[in-house]
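Protein chains get the first letters and strands the later ones, always in sequence-line order, with residue 1 at the start of each. These figures come from a predicted structure and were not determined experimentally.
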2 protein chains.
Amino acid sequence: MLKSATNRIDGQKHSMAKRIEQALLEEIGTGDLGPGQRLDETGLARRFGASRTPVREALSRLAAQGILVQGEKRGVFVAEYSREELSQIFEAMHEIEAACARIASQRLTLLSRSEIEAAQAACVAAAESGDRPQYLRANESFHLAIYRATGNPYIAEIASEFRRRTGPFRAKKFETRDDLLASARSHEELINDIFSEDSATASRSMRSHMTASFLETLKAN
Amino acid sequence: MLKSATNRIDGQKHSMAKRIEQALLEEIGTGDLGPGQRLDETGLARRFGASRTPVREALSRLAAQGILVQGEKRGVFVAEYSREELSQIFEAMHEIEAACARIASQRLTLLSRSEIEAAQAACVAAAESGDRPQYLRANESFHLAIYRATGNPYIAEIASEFRRRTGPFRAKKFETRDDLLASARSHEELINDIFSEDSATASRSMRSHMTASFLETLKAN
DNA sequence: TGTCACAATTTTGTATACAAAAAGAAAAGC
DNA sequence: GCTTTTCTTTTTGTATACAAAATTGTGACA
């Protein structure tokens with residue numbers, strides 16, 4: 001086994017630990033790793049061709065962000081939430097997202113407008129071709145673009161964190177091509193309301209978007 | 001050196017890594033470890049009588065929470081923010097804390113009322129005796145009690161996280177006994193407005209509390 | 001004096017080893 | 001049959017070793 005600190009045999013720029021963290025995040029985001037699934041250190045180490053040390057670091061960091069939970073029984077698990085907990089998480093997201101929409105609408109620049117539009121275009125394209133993984137990524141970019149438009153990386157980070165945490169649950173509601181198209185369409189309204197630069201409208205619109213998203217998520221879980 | 005997984009020679013219930021994390025959090029919260037200060041793995045390992053492994057885990061988790069930053073230059077540092085960044089962080093806190101106050105005022109129970117009152121009593125006591133470290137803890141408890149009163153652990157966690165991040169900066173504004181007394185007094189208004197169970201008033205009151213806190217923090221840094 | 005090269009040192013990331021704890025399985029008792 | 005007890009296996013937490021990278025120090029040379 002290589003002992004190189006930064007194993008670059010496959011052209012990655014990050015350390016092994018960061019790469020594992022990213023890879024797990026991706027798999028959790030797409031729902032490949034579902035809620036409640038157990039992650040065993042040795043298995044992951046073997047899978048990534050690394051030792052337990054970097055795996056451990058990745059798991060520990062993901063647990064610190066609430067994406068994984070450890071220690072309830074034995075092992076580390078993808079966080080699994082009851083309906084009650086899910087409802088609380090969405091309430092929290094509700095608040096953050098509404099704040100993001102409000103602030104974004106107040107600080108909108110030409111750049112952030114075009115970023116949001118570009119992300120939305122990608123959403124529509126992915127939805128029309130029915131490419132689920134691509135849509136998931138595009139949808140993520142769309143919301144990230146709104147967060148970034150606040151000009152406040154700290155709020156943006158919190159919002160992203162909640163998005164990552166709820167990823168595996170939200171992922172389940174995107175099954176058919178129509179699900180993707182419906183989601184993409186619901187973005188349009190939101191965009192209009194944020195671009196209106198009326199912060200109250202923007203905030204209200206995001207709240208209604210989030211409520212709808214929550215209800216669909218509940219149905220799918 | 002002992003190889004025991006859970007070194008309990010000094011009657012601690014947690015693993016070494018968690019203990020180190022807690023200890024560092026405490027030192028950062030009180031300002032003993034100031035912003036920008038470097039934390040070297042080997043040194044900490046020696047200090048805690050452990051190896052680099054658990055130190056590394058603690059640092060990594062604290063970094064994942066944004067309390068430490070790593071990799072800018074060499075080493076891990078207590079996060080240090082410019083005025084611009086501090087202002088953005090406080091803007092984010094502003095939103096979260098206002099949401100907390102609003103929700104708390106809507107869901108107030110007898111239990112959470114009494115928890116808030118008890119914490120405030122401890123604040124007043126510590127302020128009057130001019131016990132700075134004790135006041136810092138009591139103040140923390142006071143705000144945590146408000147967060148808990150939302151009944152939503154996820155919002156509460158985000159709010160706590162911001163509180164921890166800004167801890168070393170806010171700590172600097174508590175120097176004299178009068179600082180402590182002034183802070184304790186400002187809690188009274190806030191309590192009244194939250195206990196009024198009018199959510200708009202509660203939210204507005206928290207915003208003004210946060211604005212004041214921000215201005216004082218800026219002055220002290 | 002400044003700057004470039006290169007050697008010495010420190011710091012990081014990872015691998016591996018191992019002991020304690022926990023979980024699971026098998027055996028003994030009632 | 002159902003508990004309890006003891007033995008085995010797995011899993012965790014930590015220590016230690018080591019190589020690659022980064023930093024610092026040092027001296028040659030212009």
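For the pair A/Arg56 CZ and D/dA15 C1', the interatomic distance rounds to 13 Å; values are reported in whole Å. Following rounding to the nearest Å, B/Asp40 (CG) and C/dT10 (P) show an atom-to-atom distance of 12 Å. Atoms NE2 (A/His14) and C1' (D/dA20) sit 18 Å apart, rounded to a whole Å. Atom CG in A/Leu39 sits roughly 13 Å away from atom P in D/dT11 (whole-Å rounding). Rounded to an integer number of Å, the gap from B/Arg46 CZ to D/dA15 C1' is 16 Å. Here the C1' atom of nucleotide D/dA22 and the CD atom of B/Glu41 are 14 Å apart, to the nearest Å. Going from atom CZ of A/Phe77 over to atom C1' of D/dT11 covers 11 Å, rounded to whole Å. A straight line from CG of B/Leu44 to P of C/dT11 spans 12 Å, rounded to a whole angstrom.
Under the 30°/60° scheme for interplanar angles, the aromatic rings of B/His209 and B/His187 are found to be tilted.
Checked by atom type and distance alone, the side chain of A/Ser183 never pairs as donor or acceptor with a backbone atom of A/Asp179 at under 3.5 Å. Checked by atom type and distance alone, the side chain of A/Arg207 never pairs as donor or acceptor with a backbone atom of A/Ala98 at under 3.5 Å.
In this structure, B/Arg52 does not reach the D/dT14 phosphate: none of its side-chain N or O atoms is under 4.0 Å from OP1 or OP2. Look at A/Thr53 and you won't find any side-chain N or O under 4.0 angstrom from OP1 or OP2 of C/dT14.
Considering A/Glu95, A/Glu85, A/Gln88, A/Glu91 in turn, A/Glu91 is the only one that fulfils the side chain to side chain donor-acceptor pair (under 3.5 Å) rule with B/Asn152.
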Side chains of residues 166-175 of chain B: which donor-acceptor pairs under 3.5 Å do they make with residues two or more places apart or in other chains?
{"residue": "B/Thr166", "atom": "OG1", "partner": "B/Phe162", "partner atom": "O", "Å": "2.9"}
{"residue": "B/Thr166", "atom": "OG1", "partner": "B/Arg163", "partner atom": "O", "Å": "3.3"}
{"residue": "B/Thr166", "atom": "OG1", "partner": "B/Arg170", "partner atom": "NE", "Å": "2.9"}
{"residue": "B/Arg170", "atom": "NH2", "partner": "B/Arg163", "partner atom": "O", "Å": "2.6"}
{"residue": "B/Lys172", "atom": "NZ", "partner": "B/Asn221", "partner atom": "OD1", "Å": "3.1"}
{"residue": "B/Lys173", "atom": "NZ", "partner": "B/Ser213", "partner atom": "OG", "Å": "2.7"}

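Donor-acceptor pairing under 3.5 Å is lacking for the side chains of A/Ser129 and A/Asp131.
Each end of the helix from C/dT1-D/dA30 to C/dC30-D/dG1 gets its own axis from five base pairs, and the two axes differ in direction by 10°, given to 10 degrees.
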